[in-house]
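In listed order, ligands and their atoms are each counted from 1.
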Amino acid sequence: MTRGRAGVELEKLEGKSHRRFNPLTRDWILVSPNRMERPWQGQTETAGDFVLPKYDPGCYLCPGNVRAEGGRNPAYSATFVFDNDFAALQPDVGDVTAQGGGGNLLLAASESGVCRVVCFSPRHDLTLARMTIGEIGGVVEVWAEQYRALGELPRIQHVQIFENRGAMMGCSNPHPHGQIWATESIPNEPRKEEESLEDYAREHHSCMLCDYAELELGAGERVVCQNESFVAVVPFWATWPFETLLLAKRHVGDIEALEAGERAGLADILKRVTTRYDNLFQTSFPYSMGFHQRPTDGKEHAEWHFHAHFLPPLLRSAAVKKFMVGFELLGSPQRDMTAEVAAERLRGVGEEHYLVRG
Ligand code: H2U
Ligand code: ZN
């Protein structure tokens with residue numbers, strides 16, 4: 001079978017404005033390598049954003065502290081999960097639909113759900129990049145357990161695990177933490193992916209992301225790093241400048257189904273990718289990261305292939321952010337630097353954190 005292994009003759013498009021297809025969302029991205037890229041400035045910021053105390057008495061996530069709504073955090077020593085005090089979703093709002101106009105002109109439906117916060121570490125000053133692989137492994141266990149427990153709730157059909165890092169991404173607190181929003185319906189992005197994965201499986205009798213991982217491992221030019229269980233690539237269709245896609249090498253539908261070695265592999269690749277990000281502009285690299293996996297609606301969903309998206313906004317330095325405006329907001333997203341160049345830059349920085357030696 002050659003499908004999934006064949007490369008792409010990108011030379012034909014060298015220096016030419018072109019668009020690339022995202023098979024997961026079935027959207028197109030405009031690529032403009034013809035635009036003279038501003039010279040690489042290698043600009044670095046001070047490491048000021050890393051000078052944080054190990055414990056901050058004013059932090060609502062540090063062990064032993066009181067949260068905004070009065071709850072007190074336990075003196076936790078590894079991870080800590082709690083129900084979000086300002087949850088965007090309520091656990092049971094019933095089954096109510098409101099409709100007006102003809103068809104779906106005015107349509108609203110109740111949405112029940114659960115929002116949780118996951119503290120990755122008691123240390124206020126750490127990040128995934130600077131935790132040990134063992135400590136990140138503990139976070140992977142918590143994510144797997146939360147995916148299972150929330151997915152088992154009768155109303156919950158989808159569990160979205162994510163991390164928002166950095167003030168630039170609207171993250172309110174540097175304390176290492178992520179969130180989980182479990183919902184009654186499948187949110188837009190995973191729903192689009194689900195439809196594409198399903199159609200691909202039907203048409204090709206194989207998994208889109210298994211084929212894609214194989215293709216990228218063969219081509220190599222968009223691979224950032226890999227281990228036995230996972231590969232990180234700048235996807236061919238990347239929208240954000242240094243966007244990456246972390247793919248399980250085995251066809252596995254969700255985080256809970258990962259075997260012990262694969263869980264360790266996930267912890268390892270998370271550390272390596274976040275370290276490369278920090279090293280790129282010598283800053284605590286902001287991003288939104290999240291896992292896409294099998295819905296928890298009780299169906300088999302053999303089409304699903306567990307993966308993570310890292311969507312970071314930085315473009316040229318710790319201070320220069322990519323804005324999605326104008327044509328991008330009203331037409332299609334656009335990038336100048338190709339995915340191949342972004343991958344090369346991420347490959348070019350080391351996996352030893354610039355602030356952590358040895
Ligand atoms: P960020 O990841 O966007 O910083 O959000 C942290 C979450 O913590 C946010 O969703 C919650 C906020 O609602 N939070 C609490 O649950 N309790 C608090 O005391 C403050 C913040
Ligand atoms: Zn803290």
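The protein heavy atom nearest to atom 19 (O) of ligand 1 is Ala68 N, 2.7 Å. Nearest protein heavy-atom contact of atom 17 (N) of ligand 1 is Asp85 OD2, 2.6 Å. The protein heavy atom nearest to atom 21 (C) of ligand 1 is Tyr60 CE1, 3.2 Å.
Note: no N/O pair closer than 3.5 Å links Val117 and ligand 1 by distance alone. Considering backbone and side-chain N/O atoms, Asn84 comes within less than 3.5 Å of an N/O atom of ligand 1. Considering both main-chain and side-chain atoms, Gln179 comes within under 3.5 Å of ligand 1 through a nitrogen or oxygen pair. Backbone and side-chain nitrogen or oxygen atoms of His177 are examined, and one is located within less than 3.5 angstrom of a nitrogen or oxygen of ligand 1.
Ligand 1 places these atoms under 4.0 Å from at least one heavy atom of Phe82: 15 (C), 16 (O).
Checked against a 6.0 Å centroid threshold, the rings of Phe310 and Tyr277 count as neighbours.
Remark: Arg19 is positioned above the aromatic ring of Trp28, its terminal NZ or CZ atom under 6.0 angstrom from the ring centre and at most 45 degrees off the axis. Cation-pi geometry between Arg67 and Tyr60 is not satisfied (NZ or CZ under 6.0 Å from the ring centre, within 45° of the ring normal).
Judged purely by atom type and a 3.5 angstrom limit, Gln146 has no side-chain atom pairing as donor or acceptor with the backbone of Trp143. A donor-acceptor pair under 3.5 Å links the side-chain atoms of Tyr354 to the main chain of Thr283, judged by distance alone.
Taking the N/O/S atoms of His175 in turn, the shortest distance to the Zn ion (ligand 2) belongs to ND1. When distances from the Zn ion (ligand 2) to the N, O or S atoms of His124 are compared, ND1 comes out shortest.
Between Lys271 and Asp268 there is no salt bridge, since none of the side-chain N atoms of the basic residue sits less than 4.0 Å from a carboxylate O of the acidic one.
Annotation: side chain of Leu266 is in contact with side chain of Ile255 (closest heavy-atom distance under 4.5 Å).
Using a 3.5 Å distance cut-off with no hydrogens or angles, the side chains of His307 and Glu193 do pair a donor with an acceptor.
At the Zn ion (ligand 2), the vertex angle linking SG of Cys62 with SG of Cys59 is 120° (nearest 10 degrees).
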